[in-house]
Amino acid sequence: MNIENTLKQKVAEALQTLFGLQDQPITLQSTLKDFEGSHTLLVFPYTKPLQRKPEEIAQAIGDYLVANAGIVTKYNVVKGFLNLSLSEEAWLASFQMMRKNPAFGTFPDKRKKVMVEFSSPNTNKPLHLGHLRNNFLGWSVAQILSACGYEVIKANLINDRGIHICKSMLAYQKFGKGETPSSSGLKGDHLVGKYYVEFDKLYKAQIKELEAQGMGKEEAEKKAPAIEEAQKMLLAWEKGDKEVVALWKKMNDWVYGGFAETYQKIGVSFDKIYYESNTYKLGKNIVQEGLKKGVFYQKPDGAVCIDLTADGLDNKVVQRGDGTSVYITQDMGTADLKYQDFHIDKSVYVVGNEQDYHFKVLFNIMKKMGRSYAEGMYHVSYGMVELPNGKMKSREGTVVDADELVDEMIRIAEEKTTELGKMDSLKPEELPHLYQIIALGALKYFLLKVDPKKKMLFNPEESVNFQGDAAPFIQYNHARICSILRKAEQDKISYNLPESYAEYKTLHSSEIDLLSVLLALPTKVQEAGEAYSPSILAQYSYEVAKGYSKFFADCSIFKADTDEARNFRIALSAQTAYTLKFVLKLLGIEVPDKM
RNA sequence: UGCCAUAUAGUUCAAGGGAAGAACGAAGGUUUCCGGAGCCUAAGAUGGGGGUUCGAGUCCCCCUGUGGCAACCA
């Protein structure tokens, strides 16, 4: 039914009829702006078997298509590129098909469950820009997979225990003086983060002092009293020491309060929350199972290992000589736990690329252990967000704080909106929500438009775009269409009846370009799902908005020459609004009706 | 040292082996007309060297730069 498949079929037919060629690759791409036509067939691949010039072959196929394909009206040949123009009927027919499908862009239920784990913060400090990239990616990947037909469970594995938490706790014990979020006016996560930084100051000073006394750097890092105390605290926590556990609970609760506020503000939520304090002991049964199966082996000192050298990896310890867990042990256990809880078919981890190796090892092990879900494990690996002067480091305070950044974005959104005088048509009480939509949209789009696996640069001086290739431009096009649809309704124009524009026979090239972009929606959603890449949809949403802007500038809607043209253009606008809203939703971005 | 990423315009990013594209910035134009956060015009780039191919930014090899990993850390 869709244009592309019809064309491919007809091209195959042409190759068979004209040249007796079968099973040839058929490569269609969209025609470049500089040439006439909408679809371009590459004929280079046929030159070899046919021993003929590409121009000859292209011309022959072109003639055949015009005569036999029905939907092709004319063609032109540039080197080995056969540019095709399609009939108005073909465009209008596919447009009607799209209009009739209220769920255009979504796929049928696959009857498969996938868990997407993302966010996964440590509870010793507030969220920063890097976490935002993670949260936005995870959320978007979950939405995309859902549109692709999966049942999605969004999970958050909170790292609420370990030496880093003890660092904050220790510093609080030493310097906190009973400070609380309410007494200090600080958000809970920020308060705890403050003591994490305090710890680092103390620790660094102690190292320096020890070094001054002639101790080597490495030894000083191990012997500094602060770190020794923190380690002692961790042991006490593991033994269930009442005082330590009480402090841990208190400070974690502060952090959860802070996180909840941030999550709520950035529009992120979860279906299932795991805590490492509950899962960190898991996995030992898998170690035993692996030993029995011969997947693992035990070294003389008792450490359990796996030899992955045959797979291009190394020897990896999965359990310490003293019988305690390492990182990978608990991840094996948690993988099983997730399966037990939900019987998932796929398990996706949104985690930074510094853990690429870890996940290769984990997935490899779970395959060797014969887990049914192992083939469906996938690491959405993303690059770090860097500042102009390099990486962000929490301990050194060179981070872009998530809460501050969001607030700043909201401030800028208000400023720009006021500057443009765009808030006149809105009630004052609607404005804060609008600013929030625009600010978060800009931020999310900025972080999502870049290919996840690439590192990206954030320059606080230049901030985030509100113009050009940016969410506000896309949102603006949605708002502008809503305005048109309101007018259409006011004027009682029933643009949604296909027969009301069926006679429209003079499509403008901007209309065809826009239509062609809109038709690509399902393909783009599928691509984004297969690649776990929201950036594909971010780019697409911009193409749609740009296509609409061009159309809007070139084609008058309410002053169109005929009622058919007018009705078609309103319907085209409505379809564009649907597409923009649909795609941005998959990116976790809201669209306003007015802005 | 090994492994994995990565290198495109002044800057930030695109380009499923197929005609190198945007945006920002800087230059010029555009508002009697449905929303100018817009539209139009022009300038500007594949780190270096080999190879495979009809065709390479894309695949392979070497070199250089950058980031990450290579813990019985997480």
Side-chain angles (χ1 to χ4, degrees), chain A residues 27 29 31-35 40 42-48 54 78-81 83 122 159 161-164 276 280 299 301-305 312-314 316-331 352-358 360 381 383-384 386 388 390-391 413 416-417 419-420 422 425 438 442 446 449-451 453-459 462 465-477 479-484 487-488 527 530-531 535-536 538-539 542-543 545-546 548-550 552-560 566 569-570 573 594-595:
Chain A
T27 314
Q29 57 187 39
T31 306
L32 296 194
K33 272 188 287 186
D34 307 336
F35 303 102
T40 296
L42 302 185
V43 300
F44 296 107
Y46 316 129
T47 54
K48 209 168 199 178
V78 183
K79 293 184 286 183
F81 300 94
N83 302 319
N122 294 345
N159 187 358
R161 62 162 287 280
I163 189 72
H164 45 286
E276 270 195 29
Y280 79 107
K299 292 205 293 191
D301 66 0
V304 179
C305 304
L313 303 167
D314 302 303
K316 182 83 188 170
V317 172
V318 296
Q319 186 174 287
R320 289 194 190 99
D322 62 8
T324 56
S325 297
V326 292
Y327 179 44
I328 195 116
T329 322
Q330 52 175 301
D331 265 8
N353 64 7
E354 72 272 17
Q355 295 197 32
D356 284 355
Y357 181 77
H358 171 75
K360 271 189 196 168
S381 164
M384 297 293 107
E386 292 180 8
K391 265 190 86 168
K416 300 244 178 200
T417 306
E419 246 172 50
L420 291 165
K422 292 281 185 158
S425 64
I438 294 173
F446 179 82
K449 76 170 178 178
V450 180
D451 182 348
K453 71 168 186 274
K454 291 188 179 172
K455 69 165 192 248
M456 61 179 297
L457 191 105
F458 177 81
N459 187 341
E462 294 169 11
N465 278 353
F466 280 70
Q467 263 129 22
D469 186 3
F473 170 59
I474 301 164
Q475 293 168 319
Y476 164 74
N477 276 288
R480 169 197 226 199
I481 294 171
C482 289
S483 166
I484 287 164
K487 183 169 164 56
E527 274 177 23
E530 284 167 359
S535 71
I536 291 173
Q539 284 164 37
Y542 180 59
E543 273 178 55
K546 223 168 32 163
Y548 188 79
S549 257
K550 174 85 174 127
F552 187 85
D554 290 345
C555 304
S556 187
I557 296 173
F558 290 105
K559 293 188 177 160
R566 181 199 61 194
R569 286 171 186 173
I570 297 171
S573 298
K594 292 178 183 172
M595 68 183 277

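Quick note on labels: first sequence line is chain A, next is B, and so on, each numbered from 1. Heavy-atom basis, side chains included; hydrogens, waters and symmetry copies ignored. All values derive from a computational prediction rather than experimental measurement.
- Between the side chain of A/Asp301 and the base of B/rC72, a donor-acceptor pair under 3.5 Å is found.
- Summarising the geometry, the separation between NZ on A/Lys416 and P on B/rA37 is reported as 12 Å, rounded to the nearest angstrom.
- Between the P atom of B/rG21 and the NZ atom of A/Lys33 lies a distance of 9 Å, rounded to the nearest Å.
- Protein atom NE2 of A/His358 is 19 Å distant from nucleotide atom P of B/rG68, rounded to whole Å.
- Partners of A/Tyr542 by ring pair (Phe, Tyr, Trp, His ring centres under 6.0 Å), not counting sequence neighbours, listed by chain and number: A/Phe473.
- Atom C1' of nucleotide B/rA71 and atom CD1 of A/Ile328 are separated by 12 Å, given to the nearest angstrom.
- Atom CG of A/Asp34 and atom P of B/rG18 are 18 Å apart (whole Å).
- For A/Ile163, the side-chain contact (heavy atoms from CB on, under 4.5 Å) partners at least two apart in sequence or on another chain are A/Lys167, A/Ala230, A/Gln231, A/Leu234.
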Do any N or O atoms of the protein come closer than 3.5 Å to N or O atoms of nucleotides 56-62 of chain B, and which pairs are they?
none

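- Taking atom C1' in both B/rU12 and B/rG25, the straight-line distance is 11 Å, to the nearest Å.
- Residues passing the salt bridge (charged side-chain N to carboxylate O under 4.0 Å, His left out) test with A/Lys360, sequence neighbours excluded: none.
- Protein atom CD of A/Gln355 is 14 Å distant from nucleotide atom P of B/rG68, rounded to whole Å.
- Place A/Asp322 and A/Lys546 on RNA chain B by their nearest nucleotides, and A/Lys546 ends up nearer the 5' end.
- To the nearest angstrom, P of B/rA37 lies 15 Å from OH of A/Tyr542.
- In this structure A/Phe35 satisfies the ring pair (Phe, Tyr, Trp, His ring centres under 6.0 Å) test with no other residue, sequence neighbours excluded.
- When distances are taken from the side chain of A/Glu354 to each of B/rC24, B/rA19, B/rG68, the shortest belongs to B/rG68.
- Cation-pi check for A/Arg566 over A/Phe558 is not met; the charged atom does not lie both under 6.0 angstrom from the ring centroid and within 45 degrees of its normal.
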Q | Base-pair map of RNA chain B as dot-bracket, where | denotes pairing with a different strand and pairs are Watson-Crick or G-U under 3.5 Å | A | (((((((..((((....[..))))..((((.......)))).....(((((..]....))))))))))))....

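- Nucleotide B/rA23 holds its C1' atom 11 Å from the CZ atom of A/Phe473, rounded to whole Å.
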Please list, pair by pair, any protein nitrogen or oxygen found under 3.5 Å from a nitrogen or oxygen in nucleotides 5-15 of chain B.
unit_1 : atom_1 : unit_2   : atom_2 : d
B/rA7  : OP1    : A/Lys454 : NZ     : 3.4
B/rC13 : OP1    : A/Leu457 : N      : 2.9
B/rA14 : OP1    : A/Asp451 : N      : 2.7
B/rA14 : OP2    : A/Lys454 : NZ     : 3.2
B/rA14 : O2'    : A/Gln539 : OE1    : 3.0

Enumerate the protein-to-nucleotides 33-35 of chain B contacts in which both atoms are nitrogen or oxygen and the separation is below 3.5 Å.
unit_1 : atom_1 : unit_2   : atom_2 : d
B/rC34 : O2     : A/Ile557 : N      : 3.3
B/rC34 : O2     : A/Phe558 : N      : 2.8
B/rC34 : N3     : A/Ile557 : N      : 2.7
B/rC34 : N4     : A/Phe552 : O      : 2.8
B/rC34 : N4     : A/Cys555 : O      : 2.6
B/rG35 : O2'    : A/Tyr476 : OH     : 3.0
B/rG35 : O2'    : A/Arg480 : NE     : 3.0
B/rG35 : N7     : A/Ser483 : OG     : 3.1
B/rG35 : N1     : A/Met595 : O      : 2.7
B/rG35 : N2     : A/Lys422 : NZ     : 2.7
B/rG35 : N2     : A/Met595 : O      : 2.6
B/rG35 : N3     : A/Lys422 : NZ     : 3.4

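- Among residues two or more places apart in sequence or in another chain, the ring pair (Phe, Tyr, Trp, His ring centres under 6.0 Å) test is passed with A/His164 by none.
- Listed by chain and number, the residues in a ring pair (Phe, Tyr, Trp, His ring centres under 6.0 Å) with A/Phe44 are A/Phe81 (sequence neighbours excluded).
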Show each protein N/O and nucleotides 52-54 of chain B N/O combination with a separation under 3.5 Å, one pair to a line.
unit_1 : atom_1 : unit_2  : atom_2 : d
B/rC54 : OP1    : A/Lys48 : NZ     : 2.6

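- Residues forming a salt bridge (charged side-chain N to carboxylate O under 4.0 Å, His left out) with A/Lys546 (at least two apart in sequence, or on another chain): none.
- By the criterion of a centre-to-centre distance under 5.5 Å and near-parallel planes under 30°, the ring of A/Phe35 forms a stack with the base of B/rA19.
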